[in-house]
Every structure is written in C-alpha cells, then in structure tokens.
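Chain naming here is simple, since letters A, B, ... match the order of the sequence lines and numbering starts at 1 in each.
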Protein chains: 2
Amino acid sequence: MTTELSPDAPAPVGPLERARGEYEDLAARGLSLDLTRGKPAPEQLDLSEDLLSLPGGRHTAADGTDVRNYGGLQGLPELREIFADLLQVPAAQLLALGNSSLELMHDCIVHALLGEVPGATSRWVDQERVAFLCPVPGYDRHFGLCERFGIDMIPVPMTAEGPDMDEVERLAAEDPAVKGIWCVPKYSNPDGVSYSDETVARLARMETAAPDFRIFWDNAYAVHHLTDEPVEIADILGACAEAGHPDRAFVFGSTSKITAAGAGVAFFGSSPANVTWLLAKNAKRSIGPDKINQLRHVMFLRDADGVRAHMERQRALLQPKFEAVARILDAELGGTGLATWTAPKGGYFVTLTVPDGCAKEVVKRAAEAGIVLTPAGATHPYGDDPRDAVIRVAPSYPGLAELEQAIHGLTVCVRLVGLEQQAAR
Amino acid sequence: MTTELSPDAPAPVGPLERARGEYEDLAARGLSLDLTRGKPAPEQLDLSEDLLSLPGGRHTAADGTDVRNYGGLQGLPELREIFADLLQVPAAQLLALGNSSLELMHDCIVHALLGEVPGATSRWVDQERVAFLCPVPGYDRHFGLCERFGIDMIPVPMTAEGPDMDEVERLAAEDPAVKGIWCVPKYSNPDGVSYSDETVARLARMETAAPDFRIFWDNAYAVHHLTDEPVEIADILGACAEAGHPDRAFVFGSTSKITAAGAGVAFFGSSPANVTWLLAKNAKRSIGPDKINQLRHVMFLRDADGVRAHMERQRALLQPKFEAVARILDAELGGTGLATWTAPKGGYFVTLTVPDGCAKEVVKRAAEAGIVLTPAGATHPYGDDPRDAVIRVAPSYPGLAELEQAIHGLTVCVRLVGLEQQAAR
C-alpha cells in the first residue's frame, strides 16, 4: 500500500512499483514469443528459394560423376573448392558430407572414443577420464555432446580475444586427460567474440599433456557478418602445422545458416592424417553423402563470391533485428546498472548479462509473460552458470515487430527482477 | 602338347584345352566390366528424374512445418506413413532419417556400445566380449561394421528358409556375449532367400542369454521384386511383441534403390522403447534430418501404391538382366557340375557357387580378363569363405549387352578353373 496523499495528486511510484506495474501489463498481453534458438527466419530461407527446384535436369558433377548413384566419400570437389577459402581449409583437406556439422562433431568424438585418433596411445573410451575445455559462455549443444559421452567439462572464461589462454595453456599442459577444447572462433555463440591472432597462435603452439589433444573448431559463423567490416580470423590449420602440431585441429562448418537449416551441407577440414582417419571411419559407415544436394548447392552458390553475395542478402535481413535489440536494450536498460549486453559484429546471438543471481528468475518471469528464452545456464557446462547471470538472446527468427515486443518485454523482466533483488538486500 | 596326328585331321581338343583357348580369347578382348556392387543403373535412376526439380515452389509439410528450417527429429509424418506398410512398421514407430540405412545400423551399434540399449545391464563397450551371429553368405558391409568395432562374428549357415534356426537358437541361448544377428530377411544379399514365417517366429520367440539381444533387420529389398509374385515376409516387430520380446528387433530400410542411391531417405523402425532410445541419442547429435528431401520424396512417390508402381518400372529394367544371367549360366554351365546358382525373386544379386577351393581363382582369372567381381570371401565374416566357393554377382549396373559379355566371360573362367582343379587331382 502507498501512503495516502491528497486525492488529486498522483501517488508517487517508486522504480520497483513501476517495474511491477509494467510486468503486470506485459503479462496481461498474453504474448507468445520465442527467442530460444538461432533459427533462420522464413525470409532468410526464401533467399534460397531456387534451391528447391535444383539441380533440375542436371545430374552430373564436373568430373562426370553421376550424383544420383553411390560413392564419393569426400563429397563433390567443386563444392569443396567453393568453401575451401571461406573455411580456410585447402580443398584437398576439406570434406563435404551430410546435413549437419553437429553430427560431424558427434561422430569425431565417437570415432575418437572407439578408435584411435592420429597420435593417440589408446582409444578415449579406454582412458580412465576424458575432459574437454569449455570456454564459457558457450554453445549448449557442444556441452550436450560431452555430457552424453561422460566427458568431463572444465569451464574456461572467455575474454574479448577468445578463451583465457593462460588458463587454457595451464590446463592443457598439466592434465593428460584433457583431450580437447570447444571453439567457436568467429562471432562466437553466444557472446559474439572473435578470436585474436594471438589466441589462435597460442592454441596452435601450446604444449598439451595429451598427445592426441584436439581443437574442435566450430567455424559456424565463418561468413555470417552483421557489419560492413567482416572480421577475419587467423588460419588455425596453418598455424597448427607451422607450430609442429599439424593434427591438432578439426575444422567444422555448414551451410545451415547460409542456405537451408537442416537441408544444407556440412564440412570437415583438417590435416591430411586426420582427413584420412575420418574417411576410413566413414567408409565403414556410409556409401557417400547426398551428392545431389551438393550439386544443388554448387549450382545455387556458384563460387565463394556467390556465397559472400548471398550472405550480404542475409545480413540485410538480420542487421535490422540486431540493431533493434541494441536500441531497445539501450533505451530501456542503459544506465540502470541492471544489465550489460554484447554488440556482435556477426553470428546469431546477443548475450545479456544481468546481476548475479538474476538470470534464472528473469527467464522464468519472461516465460510466465509468454516470452520463451534459452534456459538460463544453457551457456555453461551441465547447465550451471555459477553466477546465474548470462542470458542468450536469439533475435533471428521472429519478425521485427515481434522481436521488438519480445525484447521490450525482456527489459521489463530484467528491471523487475533486478530491482526486486536490490529491494531484498 | 597334344599327340601328333595326321596333319589333315583337326587335333582332338579336350575340355580343359578348349577352356584354356576360350580364356585366351576372352583375355585378348581387353574387356573392362564391373559386376562388383549392387548399384542401380542410370536408366533406373532416370525413373526418378522428377525428384531433381522437386519440391519446386513448395516448402511446407502437411502439418504446416517449414521443411527448410531446423527440427523434426522423427522425420516427416507423411513420408513415414507411406513407408509404414511397406516396411511393416506402424508409422508412429517409424523414423525417417538421413540418406543411408547403413549409417543407421552403424549408429545403433555405436549407441549400444556407448549407451545402454533398453534391457541392457551395461554398455556393450564395457563387456569383455560382444558377438553377432552372421548368416552366411551375407552382406560384406554388415561384417565390416562388426570388424570395425571389434565385435566377434559367428557364421551361421543360410538355408532356403533363412538362417539355420537350430544353430541360431543354440548360440543365442548359450552365450550372453551374443548381442545380435544380421538379417536381410527378404531377397537376402547375396543369395536371394526370403525368411519363412517359421524362421521369423523362431527369431522372435527364441530365448537369448543376453537380455539386450537385437535383431538387425535390414529390409533393404522390401519392395524390390523381380517376378509378378511378390514375396511377403512375416511382420518381425509384431512377432517380437507377441512373443514377449517387444524390443528385440531394429528394422532398417531406405529408398536408395527406389529413388536415388545415396540421395534417398533411410528409415528406422522398432518398438516404442527403442524408438524413444534412438530419438534421445539423435537429439544430441542432430537438429533433424533433411526434411526438404523428405518432402521431395513425398511429392514424388505420393503413397504406398506410388512406390509399388515405381518399383514395377524398376523391375521392368532389372528383370531382363537377371533373366540374361540365368540364361547364360544355364547355357554355359548347366549340367557341367562346375557351378550352381540362385534364381532370386527379388533383390540385387545372384549367388554363384563353384567347386570348393575355386572361388578366389575364378575371381582372379576374371579380373585378369577385365571382369571385376566382388572379392571372393566378401560374403563371409573377415572375408573368409572357408569353402572358397561363393561368388556374388551384381547384374544391375551394366547395360544388358555388357552384362551378357561379362557373364559369358565369367562362365569361361568358371570352366577353366573348375577343369584345372579336376585335372590337378
């Protein structure tokens, strides 16, 4: 109850009361908005409309291969050529495979568990313990793979230049159970950080106690720029080779957020020894990838410049959404001390950091008001963000008007929860 | 040297000499023919020409799902409906997944090795020994999967009704390390046998020492008939459920030899518990299969009758090839006692059985004459056919004229090697 005043004057309302009122209004609107996943919007998928009627009458690759028949474990050479530069992998060391890079990461772990990777002294499954370094915040599906296979996860904080390399170097050097590190090196998921040249060099150069240490280099956003100053990262395979650790990095990429999500082509690139290793494993599993879909992509994308031009059209659709998020967060939360957020130059996410102990509550309140966010904690191993502060926002899928509603609603929740926490002190 | 006779009379030539002469003539022709793999011929692939420009302007599934975006781990319901009857799996228990059923078999083994299948008391990788029953002759790629994962293979002879069930029952009952059996139940690879109802019932009913025993039911040729009397087999999932072993069978199928080889859709069907198990594993690995390709297949095949009509067109192309093989084998080897062969009612292979100890030599001589066959022994675990007698012939890929040349040449090699063996005794 507020103190009674003159009936003519409006009751003076404190910030917490105002926030409560705003939240009630929000909840009363019965919204149903989803900011959970980094999914392309329908308009983005429309950009690849032509794919749906390709390859049309054609069914032969450049070398005469009938793409409708079995075979070709490496994928179509002309598609591998297109993505070689974009993924910084020589075409001869790049494989074009199925419809999902996540599958390739899963399968590389499986093959390392059940068969020795080059340089290994045993299968990972025969080791007492296997651990991966997990830069945080990071990608929940990477962490999900580790959890599924009982691989211990060791969080390492992200910096503005990539993972904290002092920590990475220390952990990799001292513990032979540390077999890998997850990296999204460009426009990382979720914080949009791109690794500095120094970070790449140190990853390539560092000593590792495990002879079969692998960098899982998930270059998911290689060409997914949001500004007219595309970020370039250093060449990890080249750096590893130069540092005398040629087999250290597995490079992954896909066209899921270029052409169609789930109906694109995924890529694996690595050293000749690693490529030979994966091909040998794949030869037992498969009689080859879907080469018709690969030809379809070649005809649609044409060349690396075709990919770049296509991504400019994607950017034209995505950039306004990211600008709207920044504008609303700034207008509603700027100067409040209740949140900070990233301004990514590419990729699919904005990371919103709220006061410690508030993230779960913000996500809960938002859900109750009809705005679904990625679960708080998902950005950390085992779903456990020890500060309970990080919220991943995925602006790509909703239309602009819906997105603005959702972000505005989110700021209402952040203010409410932040002020409630302050009031409770 | 033949005995000298009157210079006017032709030298009397024995069967071995005649065979040698024929082989020399064959080798001199410099052929280059390939009977190794069960690949569809280009004319068969032409039957699915329309697939190449589908789905055209459409990108929504029957339930409104945008097939261009992520999601839908079970695959498109309307495609699962089409194949439910054909594969004898209720649509609710049938998953439409990637481009290869071999991959699904591989992955089921991986998931059983690294995570417990329903009914298991431990992961297979934690068992001292895992063994599979391998009906022989069988499919080399099945055996390759076992070899790759260190799974012991126990050969079981095939009969005209499927695997020797006395042996299967004995081995499954007495050894808890026996975790599975490979079955190609209809028009089996390579001997064209279809399992009798009694065989299916006994497989479903038998006691197994392993609580997590699995039948890998590779129904690769479910609709691949070569006569107008399509063979029907009993429903393995129903039989297992009825026998109180609902989780015993994993059913696999694909459209690789219906639409496009390597660019089709693969299926997994099983009990609700097994389907839930695989979906949970897949959820960590994938954000869903290529639904555009699934929609493409729905639009092209339409319904189960559409598949049947399409397979009639396939049969019109394949049947003459199998007839040619039978005709030439009969004409050239009939009554010689040097070979027997199968007359399959469906599927992709003819099995040629030559005298013990001759198969490798026939394949070698054929290769030297430019006719490449599947390596002798490939039909057996570890590539070891103990009798060295079985040769798999794949008539589908070559054109009819080439096929006739190749089979004729093969009979020359069989005669030569058989007669040489007789002469050496």
Side-chain angles (χ1 to χ4, degrees), chain A residues 37-42 45-46 48-49 51-59 66-72 98-100 102-103 105-107 110-111 113-115 125-126 141 144-145 147-150 256 259-264 280-281 283-293 296 397, chain B residues 37-42 45-46 48-49 51-59 66-72 98-100 102-103 105-107 110-111 113-115 125-126 141 144-145 147-150 256 259-264 280-281 283-293 296 397:
Chain A
R37 305 292 333 172
K39 286 170 68 169
L45 299 166
D46 288 343
S48 302
E49 176 80 11
L51 263 191
L52 299 179
S53 41
L54 286 171
R58 187 172 152 198
H59 56 73
D66 188 334
V67 296
R68 305 168 303 175
N69 221 325
Y70 289 120
N99 74 319
S100 157
L102 184 68
E103 290 186 354
M105 297 175 224
H106 173 282
D107 291 358
V110 161
H111 297 319
L113 283 163
L114 295 174
V125 81
D126 293 327
R141 291 189 189 270
L145 288 181
E147 202 163 354
R148 185 242 171 292
F149 293 116
S256 286
T259 55
K281 302 300 181 198
K284 294 289 182 186
R285 180 175 180 268
S286 169
I287 318 180
D290 180 346
K291 295 186 299 301
I292 296 181
N293 202 33
R296 189 177 284 130
Y397 189 75
Chain B
R37 305 288 338 168
K39 286 170 68 168
L45 299 166
D46 288 344
S48 302
E49 175 82 9
L51 264 190
L52 300 179
S53 41
L54 286 171
R58 187 173 153 196
H59 55 73
D66 188 334
V67 295
R68 305 168 302 174
N69 221 325
Y70 289 120
N99 73 320
S100 155
L102 184 68
E103 290 186 355
M105 297 175 221
H106 172 282
D107 291 358
V110 162
H111 296 319
L113 284 164
L114 295 174
V125 82
D126 294 327
R141 291 188 189 268
L145 288 181
E147 202 163 354
R148 184 240 172 290
F149 293 117
S256 285
T259 55
K281 302 301 182 200
K284 294 289 182 185
R285 180 175 179 268
S286 168
I287 316 180
D290 181 345
K291 295 187 299 302
I292 295 181
N293 201 35
R296 187 177 286 130
Y397 189 75

> Heavy atoms only: give me the nearest B:N69-A:P40 pair and the separation to one decimal.
ND2-O, 2.8 Å
> Could you give the distance from CG (A:L51) to CZ (B:R68), rounded to the nearest 0.5 Å?
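One finds 10.5 Å between CG of A:L51 and CZ of B:R68.
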> Is it the side chain or the backbone of B:D107 that comes within 4.5 Å of chain A heavy atoms, both, or neither?
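The side chain, not the backbone.
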> Tell me, do A:L114 and B:L114 make a side-chain contact under 4.5 Å, heavy atoms counted?
yes
> Could you check which of A:L113, A:T259, A:L54, A:D126 has the highest count of heavy-atom pairs closer than 4.5 Å to chain B?
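Most heavy-atom pairs under 4.5 Å with chain B: A:L54.
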> In Å and rounded to the nearest 0.5 Å, what is the CD1 to CG distance from B:I292 to A:N293?
7.5 Å
> Report yes if the side chains of A:L45 and B:H59 come closer than 4.5 Å at any heavy-atom pair, otherwise no.
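No, every pair of side-chain atoms sits at 4.5 Å or beyond.
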> Tell me which of these, A:R58, A:R37, A:H111, has more heavy-atom pairs under 4.5 Å with chain B than the rest.
A:H111
> Quick check for you: to the nearest 0.5 Å, what is the distance between A:N99 atom CG and B:N99 atom CG?
8.5 Å
> Could you check which of B:R296, B:E147, B:H106, B:E49 has the highest count of heavy-atom pairs closer than 4.5 Å to chain A?
B:H106
> If we define contacts as heavy-atom pairs under 4.5 Å, which of A:D46, A:V67, A:L145 has the most with chain B?
A:D46
> In terms of heavy-atom pairs under 4.5 Å, which option from B:G144, B:A260, B:P55 contacts chain A the most?
B:P55
> Do you know which two heavy atoms are closest between B:L102 and A:S286, and how far apart they sit?
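Minimum heavy-atom contact is CD2-N, 3.8 Å.
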> So, for B:Y70 and A:G38, which heavy atoms are closest and what is the spacing to 0.1 Å?
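The answer is CE1-O, 3.8 Å.
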> Select one option (side chain, backbone, both, neither) describing which atoms of A:P289 are under 4.5 Å from chain B's heavy atoms.
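Only the backbone of A:P289 comes within 4.5 Å of chain B.
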> Under 4.5 Å from any heavy atom of chain A, what part of B:A283 do you find: side chain, backbone, both or neither?
backbone
> When only pairs under 4.5 Å are counted, which of A:S48, A:G56, A:G98 shares the most heavy-atom pairs with chain B?
A:G56
> Measuring from B:M105:CE to A:R285:CZ, what's the distance to the nearest 0.5 Å?
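Nearest 0.5 Å value for the CE-CZ distance: 12.0 Å.
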> Considering only heavy atoms and a distance below 4.5 Å, find which of A:E103, A:K281, A:K284 pairs most often with chain B.
A:E103
> Heavy atoms, side chains only, cut-off 4.5 Å: are B:I287 and A:R141 in contact?
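They are in side-chain contact.
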> State the OG-CG distance between A:S53 and B:L52, to the nearest 0.5 angstrom.
11.0 Å
